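Order of the sequence lines fixes the chain letters, A, B, ..., with proteins taken first and strands second; residue numbering starts at 1 for each chain. Quantities reported herein were computed from a predicted structural model and do not represent experimental measurements.
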Amino acid sequence: MSQLKVYNSLTRTKEVFQSITPGRIGMYVCGPTVSGESHLGHARPFITFDIVYRYLMHLGYKVRYVRNITDAGHFEEEGREAEDKISKKAVLEKLQPMELVQKYTNLFHWAMHQFNNLDPAIEPTATGHIIEQIVMIEKIIVDGYAYVSNGSVYFDVEKYNTDFSKLGQPYGILSGRVLDDMLETTRELDNQEEKRNKADFALWKNAPPEHIMRWQSPWGEGFPGWHIECSAMSAKYLGSEFDIHGGGMDLQFPHHECEIAQSTVCNHIMPARYWLHNNMITINGKKMGKSYNNVIKLTELFSGNSPVLEQAYSPMVIRFFILQTHYRSTLDFSNEALQASERGLKRLWEAYNNLSKYEARGTKYEVADDVELDKKVNALLDEFDDFMNDDFSTAKVLANMFELVPVINGIKDKHISPTALSSKTIEALQAKMKTYLEDIFGLKDEQETNDNKLDGVLQLLINIRKDARAKKDYLTSDKIRNELANIGIQLKDEKDGNMSYSVA
RNA sequence: GGUCCUGUGGCCGAGUGGCUAGGCAGAGCUCUGCAAAAGCUCCCACAGCGGUUCGAAUCCGCUCGGGACCUCCA
């Protein structure tokens, strides 16, 4: 089998993945800021890295997946009046800050479960790691890479760049930026007088009196800077050097760049080996984001309750939609695209259901009757692993699955002889589809029809309809079918006279 | 302004220089009491203009368009 290769933003190449500790992987993914409701754009990294997580485990690794909750509230750092987002909104909604944070944390967890994302192994909060952050900042000051100014602490980017360029790790290594260029082109911003240099970033901010969220520190009351929490928490739970650091592309600069600088000063090593970044979800070609005022919240998406939505889209449809493209490509949202995903997923899932219901054959077929087809099926299945190993090409795996759909349905409908494929191939097909669809892609049946009573009722109706049809009483048979269709249950006449149903 | 990405058929999207991904939609057919579902077949696109090459969607150049980051952002 091929080796796993991942695209490393740090080297801008696809590299063979090798874990630091054999058999084990440490993965850190930047989690949500729980000052508001999650939107479709947020869903992408968490679904993307859920699949990475699942696939790494599928490969046999023991993975410690750490994803933080940012609940300390970032400030609008430069150019605007310093304000803690969370404390400001708390005043508006007349809630305690921690109450607000809890509310959105719960909502976030709810959404993650809707998407069938596995829980991370550790989900540390920024507020729970203030001490660790302070300790880290102190260390950076002692080492001479940060300075205190008016109760705040700033990281000295220029000094870092000068010293670490010599070690082959200049500031900007991750995002491909050159500090000198940035100094020339960065816009003039207000409130910069505390900083020695405009590229410097805050490690700790002095809290103005109106801030509700504040902590004691050696530099007075304040709150941690934007980037330090991830550095502190990743080092605490994964060590100074860990395997994978993930997040959205918009975090590459400055967030991850700053993490690298801080962590390297503290721990004398580049924190992560592989930096993975997912691309953005766009809407009408524009990034979905707060700044653009074009977000679709997840609750709106699931309920269809938004002017831009023609209908509700279920969590699995969104998951499938995201899987249909490579994680490093932008993905454009539209009703048409989501509806196409909905239909495509339905067809794929029904084929998968048919496949799992294949009746066991009495005898084993060692040799396939249709050698060509047997070969083709095995080739398509084998490629699943190759595609995933090639930087998680879920889109290609799905394409292969769709090529298998006609084979699966053909056998079920008996267009294709049940002995066309060898027993071994059938078993491989069943096992691999299950592994990939359920275990790795994390898709699941959304129909809540595994209810014995409902099934019993439907079987009764099906039997009545069968009798009616046998008597050519099409008035009755059509009535049953049409009225069930009206309430969203579709009856399908099968070729062999049987009937099946699906709930929309 | 700086850095970078990108432009694929009606729509969404894979694409490592040669072997026409896939999905959705559309057309025809098969099956069927009818319908749906399913199956089969069709629909050979790569922004434009040059160049490299035996051969380019894929490499290079230019032009035009779109976007991201540089500021909170997944």
Check your understanding: Does any N or O donor sit under 3.5 Å from an N or O acceptor when you compare the side chain of A:R469 with the base of B:G33?
Key -> yes
Point to revise | Base B:C34 paired with A:D493 side chain (donor-acceptor, <3.5 Å) | key: yes
Sugar-phosphate, base or nothing in reach of [X], heavy atoms under 4.0 Å:
X: A:D478; result: base
X: A:G41; result: base
X: A:H326; result: sugar-phosphate
X: A:R177; result: base
X: A:F333; result: nothing
X: A:S477; result: base
X: A:V405; result: sugar-phosphate
X: A:L331; result: sugar-phosphate
X: A:M249; result: nothing
X: A:Q252; result: nothing

Is [X] close enough to [N] that one of its side-chain N or O atoms is under 4.0 Å from OP1 or OP2 there?
X: A:R481; N: B:A37; result: no
X: A:K286; N: B:G67; result: yes
X: A:S329; N: B:A14; result: yes
X: A:Y474; N: B:A35; result: no

Check your understanding: Under the criterion ring-ring contact (aromatic ring centres under 6.0 Å, His included), which of A:H255, A:H277, A:H256 is the partner of A:H245?
Key -> A:H256
Quantified in whole Å, what is the [atom1] atom distance between nucleotide [N] and nucleotide [M]?
N: B:C40; M: B:A57; atom1: C1'; result: 30 Å
N: B:C69; M: B:G10; atom1: P; result: 30 Å
N: B:C29; M: B:A47; atom1: P; result: 36 Å

Practice item. Identify the residue among A:V66, A:I69, A:N68 that makes a side chain to side chain contact (heavy atoms under 4.5 Å, CB included) with A:E123. Key: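 That would be A:I69; it is the only one of A:V66, A:I69, A:N68 passing the side chain to side chain contact (heavy atoms under 4.5 Å, CB included) with A:E123.
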Revision key, fill the gap. When A:Q339 and A:L40 are each assigned the nearest nucleotide of RNA chain B, the 5'-most assignment goes to A:Q339
Review point. How many angstroms lie between atom CD of A:E158 and atom CG of A:D200, to the nearest 0.5 angstrom?
Key: 8.0 Å
Exercise for review: Determine whether the side chains of A:D71 and A:Y104 contain a donor N or O and an acceptor N or O closer than 3.5 Å.
Suggested key: no
Review point. How close or far is atom C1' of B:U32 from atom CE of A:M499, stated in whole angstroms?
Key: 12 Å
